[in-house]
Amino acid sequence: MSQPMNLVVYLARAGLGSRRSCDELIRNGSVTVNDKVVTFPREKIDPEDVVLVDGEPVEARELRYFLVNKPRGVASTRRDPHAERVIVDLVPNGRILFPVGRLDVDTTGLIVLTNDGVLANRLMHPRYGVPKTYVARVRGKVSRRALGTLRQGVDLEDGLTSPAEVNLKKQSAKTALVEITIHEGRKRQVRRMFAAVGLPVEDLHRRRYGPIADKGLEPGGYRELAGDEVEALRRAGEEVAAAVGGEVEGPPVLLAAEAAPVPEAVRAAVPAVPAQGDPEPESEGAGSV
Ligand code: URA
């Protein structure tokens, strides 16, 4: 940290969760600054101040943002005892990063990794997430009726899907290529939508995540996001926050759980969950947001 900042921002930057959860940590008296309990979230913190949460030191870190083109077979989690590889291992020192959302283990394509917990929480909102564009190779003949249903909303077991943009790119004898943009992030949503209209997905690739696309990134490749891309993602995150009334609902992401000890108050208040909307943790590797 080079400049003074609000205590709540400092904690969020240290990877202790969303602003709301950091706000709660401060208000419930878990945070000291230079040995004094501070319960005012907007207290100004200077670079030389010593901040402890539940007696453990925290440090605001440099925020990093990477784009990865996930190959098939790699789990989009930080840990998975069943997977040969996990997404964070594709980036040097990736263990301090967190995947923003999920792709199924057999889905390929773009995924953002970051240690910015505030932004990640916003972007992963299951109902108001950023638009995500996929290309699906499906088995069968794509009828107008199927396209209409996919566009308007498919009745899935967890409710009607919200409107999607859908374009038939190519129809061959047995398969078709369909581009679909969804605005939600439910588990295996695209596969379930196509299955519901009688078109099983054979291959699924994410080609755009919100404002971020990159046709040139080879499978397994990664790059750091440029400043304007990070800004665009932040704006997208702000739109989500505005859509949900300023605060992102659901459990916050706890970042850097492996990089630094997690204070007891944080462990108790903030379970280290992956993405909102993903039911189960890191071993599963099958959710998608
Ligand atoms: N929808 C799916 O069905 N799978 C993914 O990996 C992403 C979106």
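Both ligands and their constituent atoms are indexed starting at 1 by order of listing.
- Checked against Thr149 for a side chain to side chain contact (heavy atoms under 4.5 Å, CB included), the options Asp155, Val166, Thr161, Val197 give a single hit: Val197.
- Atoms of ligand 1 lying under 4.0 Å from at least one heavy atom of Gln189, given by number and element, are 1 (N), 2 (C), 3 (O).
- The Thr107 neighbourhood of ligand 1 comprises atoms 4 (N), 5 (C), 6 (O), with distances under 4.0 Å to a heavy atom of that residue.
- Heavy-atom contacts from other residues, nucleotides or ligands closer than 6.0 Å to CD of Glu218 number more than 12.
- Arg42 meets the side-chain hydrogen bond (donor to acceptor under 3.5 Å, both in side chains) test with no other residue; sequence neighbours excluded.
- Remark: ligand 1 atoms within the under-4.0 Å shell around heavy atoms of Tyr134 are 7 (C), 8 (C).
- Put simply, the side chain of Arg137 reaches to within 4.5 Å of the side chain of Leu177, judged on heavy atoms.
- Heavy-atom proximity to Arg188, at under 4.0 Å, picks out these atoms of ligand 1: 1 (N), 2 (C), 3 (O).
- For Leu204, every heavy-atom contact with ligand 1 shorter than 4.0 Å involves the side chain, none the backbone.
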Pair Leu63-Asn115, side chain to side chain contact (heavy atoms under 4.5 Å, CB included): steps then yes or no: CA-CA 6 Å; Leu63 297 176; Asn115 58 353; 3.8 Å; yes
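- In this comparison of Arg206, Arg191, Arg102, the heavy atom closest to atom 3 (O) of ligand 1 sits on Arg191.
- The contact set between ligand 1 and Asp104, taken as ligand atoms under 4.0 Å from a residue heavy atom, comprises 2 (C), 3 (O), 4 (N), 5 (C), 6 (O).
- Heavy-atom proximity to Val190, at under 4.0 Å, picks out these atoms of ligand 1: 1 (N), 2 (C), 3 (O), 8 (C).
- Taking a 4.5 Å side-chain heavy-atom cut-off between Ile, Leu, Val, Met, Phe, Trp and Tyr, the cluster of Val50 extends to Leu52.
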